[in-house]
Q: 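Input: one structure, supplied below.
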Amino acid sequence: QVQLVESGGGLVQAGGSLILFCAASGSLFRVNDMGWYRQGPGNQRELVAIMGRGSRTDLAESVKGRFTISRDNDKNTVNLYMTSLKPEDTAIYFCHAKVRHSGDLSEYNYWGQGTQVTVSS
């Protein structure tokens, strides 16, 4: 019903920057929270950054001051701007969205397949 597609991952040296992009498509009526999680080697999936429709933002403490998130509600897209990257940022980054469908008051969770970010030392 709903697809989230990520792009922008890659290999970067420590101290470098990357931009991740995510676009939601399909049966969308209202996209509420939208943002990014990540899962590094041997780690559980963790929150990186999320933003609500009203620009409420939640960032992981480990990325504050280095990452920023932006969102376009009309286009159903979200970007993650990453600077001063560290090797510990290496992970698969997953786009996530909470969506309400037309005629349905329930909220559903959707995930992208992930994009790899590798930071070399």
Side-chain angles (χ1 to χ4, degrees):
Q1 299 283 65
V2 175
Q3 291 186 335
L4 274 62
V5 179
E6 307 102 330
S7 62
L11 174 64
V12 65
Q13 293 182 337
S17 302
L18 283 174
I19 303 174
L20 303 184
F21 172 83
C22 175
S25 62
S27 181
L28 302 171
F29 178 71
R30 184 180 180 90
V31 180
N32 293 328
D33 292 348
M34 195 172 188
W36 296 89
Y37 290 70
R38 69 185 181 187
Q39 186 169 11
N43 297 325
Q44 295 183 341
R45 188 173 299 185
E46 64 178 357
L47 172 72
V48 179
I50 57 172
M51 180 176 286
R53 290 186 63 86
S55 299
R56 171 190 55 82
T57 300
D58 190 12
L59 293 171
E61 289 294 329
S62 61
V63 306
K64 287 183 177 178
R66 300 188 298 119
F67 292 10
T68 59
I69 185 171
S70 66
R71 177 178 175 179
D72 189 322
N73 292 342
D74 294 330
K75 296 180 179 179
N76 295 314
T77 60
V78 62
N79 296 341
L80 184 67
Y81 298 84
M82 305 185 293
T83 63
S84 301
L85 284 162
K86 305 174 181 179
E88 49 263 46
D89 294 317
T90 295
I92 302 175
Y93 285 70
F94 297 90
C95 184
H96 173 262
K98 292 181 177 290
V99 179
R100 295 189 186 275
H101 301 289
S102 180
D104 189 348
L105 296 179
S106 298
E107 188 176 62
Y108 298 88
N109 292 287
Y110 295 95
W111 295 89
Q113 293 187 355
T115 184
Q116 177 71 46
V117 172
T118 302
V119 184
S120 64
S121 59

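Keep in mind that what you see is a predicted model, and the values were worked out from it rather than measured. Here, residue 1 is the first one in the sequence, and each next residue gets the next number.
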Q: My understanding is that only one of R38, Q39, Q113 makes a side chain to side chain contact (heavy atoms under 4.5 Å, CB included) with F94; could you say which?
A: Q39
Q: Could you grab the distance from atom OG1 of T77 to atom CG of D72, nearest 0.5 Å is fine?
A: 4.5 Å
Q: Under a 3.5 Å distance rule, please check whether N73 uses its side chain to pair with a backbone N or O of R53 as donor and acceptor.
A: yes
Q: Tell me, with the steps shown, if W36 and E6 meet side-chain contact (heavy atoms from CB on, under 4.5 Å).
A: CA-CA 10 Å; W36 296 89; E6 307 102 330; 3.7 Å; yes
Q: Side-chain contact, heavy-atom cut-off 4.5 Å: L4 with W111?
A: no
Q: If you define the side chain from C-beta out and look only at heavy atoms, does anything of I19 sit under 4.5 Å from M82?
A: no
Q: How would you list all residue pairs meeting disulfide bond (SG atoms under 2.5 Å apart) that involve residues 56-121, not counting sequence neighbours?
A: C22-C95
Q: Which pairs of donor and acceptor atoms, one on a side chain in residues 26-34, lie under 3.5 Å apart (sequence neighbours left out)?
A:
from, atom 1, to, atom 2, distance (Å)
R30, NE, N32, OD1, 3.3
N32, ND2, E107, OE2, 2.8
D33, OD1, R56, NH2, 2.5
D33, OD2, R56, NH2, 3.2

Q: Among T83, D89, L20, which residue satisfies the side chain to side chain contact (heavy atoms under 4.5 Å, CB included) criterion with F67?
A: D89
Q: Taking all heavy atoms of I69 and all of G35, pick out the closest pair and write down the distance.
A: CD1-CA, 4.0 Å
Q: Specify the closest pair of heavy atoms between S121 and P87, including all atoms of both residues, with the distance to one decimal.
A: CB-CG, 3.9 Å
Q: Indicate if V119 and Y81 have the same hydrophobic cluster label, given that clusters are the connected sets of ILVMFWY residues with side-chain heavy-atom separations under 4.5 angstrom.
A: no
Q: Once you measure the plane-to-plane angle for Y110 and H101, does it fall in the parallel (<30°), tilted (30-60°) or perpendicular (>60°) bin?
A: perpendicular
Q: Please tell me whether V63 and I50 are part of a single hydrophobic cluster in this structure, the criterion being side-chain heavy atoms less than 4.5 Å apart.
A: no
Q: Is it true that a side-chain atom of T57 and a backbone atom of M51 form a donor plus acceptor pair closer than 3.5 Å?
A: no
Q: Quick check: closest heavy atoms across S120 and L11, and the distance to 0.1 Å?
A: CB-CD1, 4.4 Å
Q: If I compare all heavy atoms of S84 with all of S17, which pair ends up nearest, and what's the gap?
A: N-OG, 4.4 Å
Q: Report yes or no: do F21 and V2 belong to one cluster of Ile/Leu/Val/Met/Phe/Trp/Tyr joined by side chain heavy-atom distances under 4.5 Å?
A: no
Q: What distance separates T68 OG1 from L80 CG, expressed to the nearest 0.5 Å?
A: 7.0 Å
Q: How long is the span from the CD atom in E46 to the OH atom in Y37, to the nearest 0.5 Å?
A: 10.5 Å
Q: Let me check something: do V117 and V78 share a hydrophobic cluster, defined by ILVMFWY side-chain heavy atoms less than 4.5 Å apart, either directly or through other members?
A: yes
